[in-house]
Amino acid sequence: MLLALFSILLMTLDHREHLVEPAREAVSGAVYPVRFLVDAPFSLADQLSERLATRSQLVEENQALRRQNLVYQQRLQRMAALKRENERLRELLGSSERLDTEVVIAELMRVELDPHTDLVEIDRGSEEGVFPGQPVLDANGIMGQVDTVGPLSASVRLLSDPSHAIPVEVNRNGLRTVALGTGAPQRLELANVPANADIRDGDLLIASGLGGTFPRGYPVAKVASVEADAGEPFAQVTAEPVADLHRSRKLMLVTGTEAKDGNDAAAADEARPSADGHEDEAS
Amino acid sequence: MTEQQARKGSGIILLSFLVALMLTIVPLPGWAQGFRPEWTALILLYWSLALPQRVGVGVGWLAGLLQDALLGTLLGQHALAFALIAFLALRLHRPLRLVPIWQQALAVLALLLVAQLVVFWINGIIGRPAPAWQAWASIPVGAAMWPLIFYVLRGVRRRFQVQ
């Protein structure tokens, strides 16, 4: 009876106040060995297959990577020039936003979490400076944000989780909206898009930086379908995340001063009237 | 029962819970995910039926709490569900020990259903969407696993003389 009351109290605190964050971190640390044990055979198999790869495979992979690297180098050269230009223009406008971001590479642990939510576990925790709300990217775009943190691991809530929302804008024309998770793996819904809004199939949605959690400018999703019914005030718009939410193994955690800059940008943006009253949060 | 025996037995019980927690988070192929039984609840039910004086509400609560931390669910969600079914199992352990195994499996089905209902009910309260129908598949699978779990754990218990 006492335990039942205690668990109800605990759940309430966990849900409403986030007061038990330290307790959660401690328990999460306590169960880390279980996660490690489950993940270990898989990582071992990975390592073995890397060791046992034939020379020709390695040479081939190496060449492919070199070619890719060359292409990226070339893009980076132009990027440096564009960045300087952008900074100059921003200085003219008096904006404080910065574009630099630093990332930490993390790897997915092969353990499964609650089947009714879209959470994944990564092998970095508060020891490496991971914090709740930290944006997580893969090679193609935003994947989600850090939800709870343990000392050596953290769980990440993916964009597709039904309780997740991310403020986005259409890259083509700056139309702002919010992309909500649906629980289906590769499908997001856009909230409150007016039926006559200028939005089409294939439009790229990027993070708008509102709400301060996600840095501005990273790609989020591509519009997959637009259904505008003349009788309805809002269009039904679905989008497909550009990140491979359920396939990527290597993730990037955005670190550094970015969160603060994001807040500045959000504060600046919030001064203007916006079409939506939503803020991104995962509760 | 000497003190050393007690310690040894505890090790076995702890190990069985550890294995159950590991099985709970082992990745499965997509189609099989809905059929993953609640291993921790099954192990808990076995021990609280077999050794009601040692494994009960407290152990169930603790196991549930660890499972909450593992799964990233609300802290206390599984703890409450598991404490409740451990309590019910303690209440029922005398009649349940006498009936044939398939009737025990039916009782386990009911208890697993109770645990699952508590978890879903809390999900509903905090505004998570209703589970898909596949989510209920784990309960009959769990009950079907019961004879296996029962005989394996009884073998383990006799082998290591946990009492």
Side-chain angles (χ1 to χ4, degrees), chain A residues 1-16 20-21 23-42 108-121 147-148 150 153-157 161-163 181-185 246 283, chain B residues 17-30 32-36 40 56-84 86-87 116 118-120 122-132 134-135 137-138:
Chain A
M1 209 53 230
L2 261 177
L3 283 172
L5 280 179
F6 185 58
S7 17
I8 290 169
L9 184 74
L10 196 63
M11 282 189 283
T12 318
L13 284 178
D14 193 15
H15 185 50
R16 302 234 170 241
V20 289
E21 216 51 61
R24 186 177 260 284
E25 193 173 328
V27 184
S28 175
V31 293
Y32 178 76
V34 181
R35 289 189 175 128
F36 179 77
L37 278 176
V38 170
D39 184 55
F42 292 101
L108 219 61
M109 292 183 83
R110 256 156 302 189
V111 296
E112 260 172 34
L113 307 183
D114 185 10
H116 311 300
T117 56
D118 279 321
L119 293 169
V120 292
E121 193 75 15
D147 190 48
T148 53
S153 64
S155 55
V156 173
R157 198 170 286 272
D161 187 273
S163 64
T182 59
H246 292 268
S283 66
Chain B
F17 274 111
L18 184 68
V19 170
L21 287 172
M22 281 170 66
L23 284 173
T24 308
I25 58 167
V26 160
L28 291 178
Q33 271 168 19
F35 299 103
R36 183 203 303 273
T40 322
V57 179
V59 174
W61 189 82
L62 209 61
L65 194 69
L66 291 180
Q67 175 147 340
D68 280 328
L70 269 183
L71 291 179
T73 44
L74 211 54
L75 273 190
Q77 193 171 354
H78 285 93
L80 179 63
F82 288 0
L84 184 66
F87 173 73
Q116 196 69 289
V118 170
V119 170
F120 285 164
I122 295 167
N123 270 347
I125 290 180
I126 61 172
R128 297 260 168 86
Q134 288 98 331
S138 73

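Reminder, nothing fancy here: chain letters follow the sequence lines and each chain counts from 1.
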Most chain A-contacting option - heavy-atom pairs closer than 4.5 Å, from [options]:
{"options": "Leu66(B), Leu65(B), Leu84(B)", "value": "Leu66(B)"}
{"options": "Arg36(B), Gln67(B), Met22(B)", "value": "Met22(B)"}
{"options": "Leu18(B), Thr24(B), Val26(B)", "value": "Val26(B)"}

Next item on the list: Can you sort out the partners of Tyr32(A) under side chain to side chain contact (heavy atoms under 4.5 Å, CB included), two or more places apart, ordered by chain and number?
Entry: Phe36(A), Met109(A), Leu152(A), Ser153(A)
Item checked: For Leu119(A), all residues meeting side chain to side chain contact (heavy atoms under 4.5 Å, CB included), sequence neighbours excluded -> Leu113(A), Thr117(A), Asp147(A), Arg157(A)
Item checked: Contact origin within Ile122(B) toward chain A - heavy atom pairs under 4.5 Å -> side chain
Next item on the list: Against chain A, label Phe120(B) side chain, backbone, both or neither, depending on which of its atoms sit under 4.5 Å from a heavy atom there.
Entry: side chain
Notebook entry, point to check: Is any side-chain heavy atom of Val34(A) less than 4.5 Å from a side-chain heavy atom of Leu70(B)?
Noted result: yes
Checklist line | Partner of Ile25(B) by side-chain contact (heavy atoms from CB on, under 4.5 Å), out of Val38(A), Val31(A), Asp39(A) | finding: Val38(A)
